[in-house]
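All remarks here apply to the structure that follows.
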Amino acid sequence: ETAVFQTPNYHVTQVGNEVSFNCKQTLGHDTMYWYKQDSKKLLKIMFSYNNKQLIVNETVPRRFSPQSSDKAHLNLRIKSVEPEDSAVYLCASSFGQEVFFGKGTRLTVV
Amino acid sequence: GQQVQQSPASLVLQEGENAELQCNFSTSLNSMQWFYQRPGGSLVSLFYNPSGTKQSGRLTSTTVIKERRSSLHISSSQTTDSGTYLCAMGASSGSWQLIFGSGTQLTVMP
């Protein structure tokens with residue numbers, strides 16, 4: 001049963017546009033994450049956010065930024081999308097070591 | 001080098017056959033999870049199994065910490081088992097995160 005909710009499911013946009021993806025978890029977890037899954041299905045962490053502390057994967061381009069209003073929400077903003085940003089973006093949350101994922105947002109940049 | 005090695009990369013079975021998926025880790029294990037990804041992106045946690053053996057229906061996960069490996073056994077496979085199986089190890093580097101293997105693409109033929 002899904003308890004990490006992501007919107008939209010899909011998004012198609014042009015190079016240079018700004019996009020924003022939403023994520024909400026109803027599990028009462030204290031840590032949330034964004035992962036990127038590329039065309040080869042490899043998943044890599046982009047951000048984690050815990051108690052207002054943001055940890056950024058140093059390989060993530062600066063056009064990506066997470067935005068959080070409270071511990072149940074962690075949105076992802078991409079300021080000016082590039083073709084290589086086409087991927088599935090997965091939001092997740094955890095309390096301790098077990099991680100739960102949302103259904104993902106598939107971004108296509110044309 | 002890659003910290004999480006999954007094998008096989010792909011597997012084709014006839015319905016009713018068993019499958020054994022392997023995951024090997026290059027560093028000491030704090031925790032690990034097995035996930036199933038449906039075609040289309042949704043990532044479902046199958047097992048949180050940092051050590052020992054866990055069973056759920058036709059699925060059994062065994063993690064051997066000393067040997068830095070985990071396996072997922074699928075018995076009496078069904079066509080609905082088709083999809084991608086991903087293992088991930090937990091790692092703490094500034095914050096808690098999962099490091100994923102590259103997945104096993106399973107196809108079960110009728």
Side-chain angles (χ1 to χ4, degrees), chain A residues 1-6 8-11 21 23 27 29-60 66 74 86-108, chain B residues 1-6 8-11 21 23 25 28-52 54 56 61 63 65 70 82-107:
Chain A
E1 189 173 340
T2 304
V4 181
F5 302 96
Q6 289 186 239
N9 295 327
Y10 305 93
H11 189 76
F21 304 146
C23 181
L27 296 165
H29 288 169
D30 59 358
T31 306
M32 294 185 71
Y33 314 81
W34 277 100
Y35 282 79
K36 179 182 179 182
Q37 187 172 38
D38 61 22
S39 57
K40 297 181 180 178
K41 299 216 168 181
L42 195 60
L43 273 147
K44 287 190 177 177
I45 191 163
M46 300 179 71
F47 305 99
S48 70
Y49 192 76
N50 180 359
N51 293 326
K52 300 186 180 180
Q53 182 190 20
L54 176 66
I55 306 291
V56 182
N57 184 330
E58 61 187 16
T59 66
V60 174
L74 186 67
S86 293
V88 176
Y89 292 87
L90 288 148
C91 177
S93 72
S94 71
F95 182 78
Q97 298 180 347
E98 189 171 5
V99 183
F100 297 84
F101 283 83
K103 294 185 176 182
T105 295
R106 181 175 295 276
L107 173 66
T108 302
Chain B
Q2 201 168 356
Q3 291 181 276
V4 182
Q5 299 268 9
Q6 262 191 267
S10 63
L11 185 61
L21 281 55
C23 200
F25 309 99
S28 299
L29 205 56
N30 288 320
S31 76
M32 71 83 53
Q33 277 181 261
W34 281 98
F35 293 91
Y36 168 66
Q37 188 167 38
R38 299 185 178 96
S42 178
L43 201 64
V44 177
S45 180
L46 297 174
F47 292 104
Y48 169 71
N49 188 16
S51 67
K54 290 189 175 182
S56 176
S61 169
T63 299
I65 297 176
S70 183
S82 297
T84 302
Y85 291 81
L86 292 151
C87 69
M89 64 176 266
S92 180
S93 56
S95 69
W96 184 256
Q97 61 168 292
L98 290 177
I99 300 173
F100 281 84
S102 52
T104 294
Q105 180 65 46
L106 176 66
T107 304

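Just so we're on the same page: letters track the sequence lines, and every chain starts at 1. All values below come from the heavy atoms of this structure, side chains included, with hydrogens, waters and symmetry mates left out.
Between the side chain of A:Tyr35 and the main chain of A:Phe101, no donor-acceptor pair closer than 3.5 Å is present. Side chain of B:Trp34 to main chain of B:Asn49: no donor-acceptor pair is present (N/O by atom type, distance under 3.5 Å, no hydrogens or angles).
Neither the backbone nor the side chain of B:Ile99 comes within contact range of chain A, judged by heavy atoms closer than 4.5 Å.
Of the listed residues (A:Lys44, A:Lys40, A:Gln6, A:Lys41), the one with the most heavy-atom contacts under 4.5 Å to chain B is A:Lys41. The candidate with the highest count of non-hydrogen atom pairs below 4.5 Å against chain B, out of A:Leu43, A:Asn50, A:Asn9, A:Thr105, is A:Leu43.
The aromatic rings of A:His11 and A:Phe21 lie perpendicular to each other, with more than 60° between the two planes, well past the 30° mark.
Across A:Asn57, A:Ile55, A:Leu90, a single residue satisfies side-chain contact (heavy atoms from CB on, under 4.5 Å) together with A:Ile45, and that is A:Asn57.
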